[in-house]
Chemist: 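Please see the structure below; I have some questions.
A note on names: the letters A, B, ... follow the listed sequences, proteins ahead of strands, and every chain is numbered from 1.
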Protein chains: 2
Amino acid sequence: MVPNPRPTYTVIAKTAGVSEATVSRVLNGDESVHPDRAKRVHEAVDKLGYRKNRVASALASGRSGLIAVVIDDDLSVFSDPFWGTVTSGVSRILSESGIHTVLMVSPVGSADGGVAHYLKSGEVDGAIFFVLHSDALVNNLKKTGLPMVIAGTPHSSLDIPFVDTDNFGGAYAATKHLINKGCHKIGIITGDIGTTAAKQRLDGYLQAFRETGRVPAKGLICEGDYSLESGMENTRKLLRDHPDVDGIFASNDLMAAGAVTVLQDMGKLVPDDIKIVGFDDALIAQTTRPALTTIRQDVVALGEAAGRLMISQLDGEDVQPFITTTELIIRGSA
Amino acid sequence: MVPNPRPTYTVIAKTAGVSEATVSRVLNGDESVHPDRAKRVHEAVDKLGYRKNRVASALASGRSGLIAVVIDDDLSVFSDPFWGTVTSGVSRILSESGIHTVLMVSPVGSADGGVAHYLKSGEVDGAIFFVLHSDALVNNLKKTGLPMVIAGTPHSSLDIPFVDTDNFGGAYAATKHLINKGCHKIGIITGDIGTTAAKQRLDGYLQAFRETGRVPAKGLICEGDYSLESGMENTRKLLRDHPDVDGIFASNDLMAAGAVTVLQDMGKLVPDDIKIVGFDDALIAQTTRPALTTIRQDVVALGEAAGRLMISQLDGEDVQPFITTTELIIRGSA
DNA sequence: AGAAGCCGTGAAAGCGGTTTCGCGGGTAGT
DNA sequence: ACTACCCGCGAAACCGCTTTCACGGCTTCT
């Protein structure tokens, strides 16, 4: 059926008049081949439209040209545009180096299990983790020497490169903004406190708070879980416990949106009665009325950084954690 | 370093006392092996913790166990939670069959180019396409016999299996709902008319409209592009041209949300003055005030269907296009 | 009873690259 | 001039699994 099956080294070698070994050297950038011969090989490659069989190459060399993006969770996480964006950033950077992205969406509870086996199987050259709920797997994998990058700050201080948003700084800026706007009693609705990001945002809030010389009253810190419902619920709770709250920092925009709707249903004016700052600068920040003042994070940069860190590791370079900066976006809510 | 390098067929064969060929047969489910021997092989596999090297397997068999998910666009599309959800649905179904998902986010303009080459290279066993802007690539690829699935109705009537939402039916139901609610002058804000989904939704609207015996006045049909801004802009235009509009069907929730905010900014009451219906039942449908009446599509099912269609093809079965049903979700906006 | 099929199995030839090893020739050291 | 190296290059082994081929032993048909 296929008129012209893909050529192999045998053919290239023959038409270039060299050995297959030389073809391999040329195609892998071995400098030691005489320029003339290299040229002949390149000509043959062009002429025959040769493309290397990556599978064969992977088998022989042990390098697959594939890196895994592991999302430690279920469907819901990936439906979050945040991770979609990060992933495409990763994918784009990697593909520039001829590396493809294998997607694995699965709870990665234990250090064993399917994903772990796969990663250990040598079928991928590295792994990038999103939304790690536990460090068990990466800790275990570290021993295998598999290059890894973690998106988000790890729980324990692993010696594994990671990329993250400046959660602390962003939360600090958000809280500071509320203070500057004259808020005196500022509540926070945290994210899922099992995540390091949520903790860091809480810390940023606390830091800004402390600098005012006060300590956050009990009950001003509400533990949410990043969902719309938790934003609404915690806002109600906050106002019940502290009717005089005049500012709320929500750890993401979704909860901030929840806060806005609840407050409006209660007859409170945003931002006149209560000011609200969110985090993410998600799309929803623009559709609430008033639109949300929020902390923008550079999601694409985050993904690209993760990709670059991986590439660097594959190249055997030393890598440093990478923290992207945040930006305060002022809209109507504060 | 590694104390126990992964065992190979050689080892399994030896400890099971059979030939490597038999090991291969057992591990690939060849029925013709005597049960006793098969049992011995399985025992050896368990005992040694053997896991097949997929790369070697791929090279020898020509089947890589990888399928590509190709998103014909740039970052922005993937930040849409819609595609993230579809992708994870695909990924989950495929992984149940031991197949992994390779993600490719890239404009697939021509029938040539990097993606095309990769797909032709035999490195993947199949390809699933999202957001196809043109049928050129798939048409070209069809000749190679590569199993393909298209998410979304293709532009031309290709003989390639696809999965899609019942866009027509959903739009029809949405428009019908507006009519039933007593709307007389109903506008539509379409999606990017370069996509078949947008066209089908427009058709559904037109059909419902026609059944009333009227024809949509010129200017009631506004061409949007699924973005928040286009929703806002077209709403303004709609009201400028037809101040007496009393219903709007927006082809997605984002534009519907834009419509709601614009109308409110203009001092119009939703749903009292103007009723609005969206499409998708995205998260944003719940966060607008009033919440959006919309057409829910089963996005996860769509992804899973795409995955299943692919599996079926790999198994050599005949496959039929798959259309998921929609559901009218009534909330406050209409 | 002999020819013809079948069946389960192992030996071995790939799949298409990569990499080690060693050879011949040229350069350098003494 | 002779030994010691270095360099570019080809032969061949090898990566780990799949698949063809053929063989010995049985059953079945004539």
Chemist: Not counting sequence neighbours, which residues clear side-chain hydrogen bond (donor to acceptor under 3.5 Å, both in side chains) with Asp192(A)? List them please.
Modeler: none

Chemist: Distance-only, no hydrogens or angles: does the Ser61(B) side chain make a donor-acceptor pair with backbone N or O of Ser57(B) under 3.5 Å?
Modeler: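 Yes: the side chain of Ser61(B) pairs with the backbone of Ser57(B).
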
Chemist: Specify the separation, in whole Å, of atom CZ of Arg63(A) and atom P of dC15(D).
Modeler: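 Between P of dC15(D) and CZ of Arg63(A): 16 Å.
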
Chemist: Identify the 5'-most and 3'-most nucleotides of DNA chain C with at least one atom closer than 4.0 Å to a non-hydrogen atom of chain A.
Modeler: dG16(C) to dT20(C)

Chemist: Which sits closer to the 5' end of DNA chain C, Leu59(B) or Lys52(A), going by the nucleotide each is nearest to?
Modeler: Leu59(B)

Chemist: Rounding to an integer number of Å, can you tell me how far Lys14(A) NZ sits from dG10(D) P?
Modeler: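 Taking atom P of dG10(D) as the reference, NZ of Lys14(A) is at 14 Å.
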
Chemist: Quick one: does any side-chain atom of Asp30(A) pair with a main-chain N or O of Ser32(A) as donor and acceptor, under 3.5 Å?
Modeler: yes

Chemist: With the side chain of Ala21(A) defined as its heavy atoms from C-beta on, choose the nearest nucleotide among dG16(D), dA12(D), dT18(D).
Modeler: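 Nearest nucleotide to the side chain: dA12(D).
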
Chemist: Let me know the distance between CZ of Arg51(B) and P of dC17(D), rounded to the nearest Å.
Modeler: 12 Å

Chemist: Please determine whether a side-chain nitrogen of the Lys or Arg among Glu43(B) and Lys39(B) lies less than 4.0 Å from a carboxylate oxygen of the Asp or Glu.
Modeler: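 Salt bridge flag = yes for Lys39(B) with Glu43(B).
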
Chemist: So, does Arg40(A) use its side chain to make a donor-acceptor pair with the main chain of Val18(A) at under 3.5 Å?
Modeler: no

Chemist: With respect to the phosphate group of dG16(D), does any side-chain polar atom (N or O) of Tyr50(B) fall under 4.0 Å of OP1 or OP2?
Modeler: no

Chemist: Apply the test side chain to side chain donor-acceptor pair (under 3.5 Å) to residues Thr153(B) and Asp164(B): give CA-CA distance (whole Å), side-chain angles for both, the deciding distance (0.1 Å), then the verdict.
Modeler: CA-CA 6 Å; Thr153(B) 309; Asp164(B) 206 350; 2.4 Å; yes

Chemist: Report yes if a side-chain nitrogen or oxygen of Ser57(B) is closer than 4.0 Å to either non-bridging phosphate oxygen (OP1 or OP2) of dC17(D); otherwise report no.
Modeler: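 Answer no for this pair, as no side-chain N or O of Ser57(B) is under 4.0 Å from OP1 or OP2.
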
Chemist: Quick one, Asp298(A) with Thr324(A), criterion side chain to side chain donor-acceptor pair (under 3.5 Å). Give me CA distance, side-chain angles, the key distance, then yes/no.
Modeler: CA-CA 7 Å; Asp298(A) 193 342; Thr324(A) 61; over 6 Å; no

Chemist: So what does Val18(B) touch, heavy atoms closer than 4.0 Å: a base, only the sugar-phosphate, or nothing?
Modeler: sugar-phosphate

Chemist: Given dC15(D), is OP1 or OP2 found less than 4.0 Å from the side-chain N or O atoms of Arg54(B)?
Modeler: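 Arg54(B) to dC15(D) OP1/OP2: no side-chain N or O under 4.0 Å.
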
Chemist: Tell me: CD of Glu20(B) to P of dC21(D), nearest whole Å?
Modeler: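 In whole Å, dC21(D) P lies 20 Å from Glu20(B) CD.
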
Chemist: Looking only at side-chain N and O atoms, does Ser64(A) offer a donor or acceptor that is under 3.5 Å from a partner on Asp125(A)?
Modeler: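 Asp125(A) vs Ser64(A): donor-acceptor pair found between side chains.
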
Chemist: I want to confirm an ordering. Mapping Ala58(A) and Ser19(B) to their closest nucleotides on DNA chain C, which one lands closer to the 5' end?
Modeler: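 That would be Ser19(B).
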
Chemist: Scan residues 24-38 of chain A against DNA chain D and write down, sorted by residue number, each residue with any heavy atom closer than 4.0 Å; if none is found, say none.
Modeler: Arg25(A), Ser32(A), Val33(A), His34(A), Arg37(A)

Chemist: Between Ser88(A) and Ser91(A), does any side-chain donor sit less than 3.5 Å from a side-chain acceptor?
Modeler: no

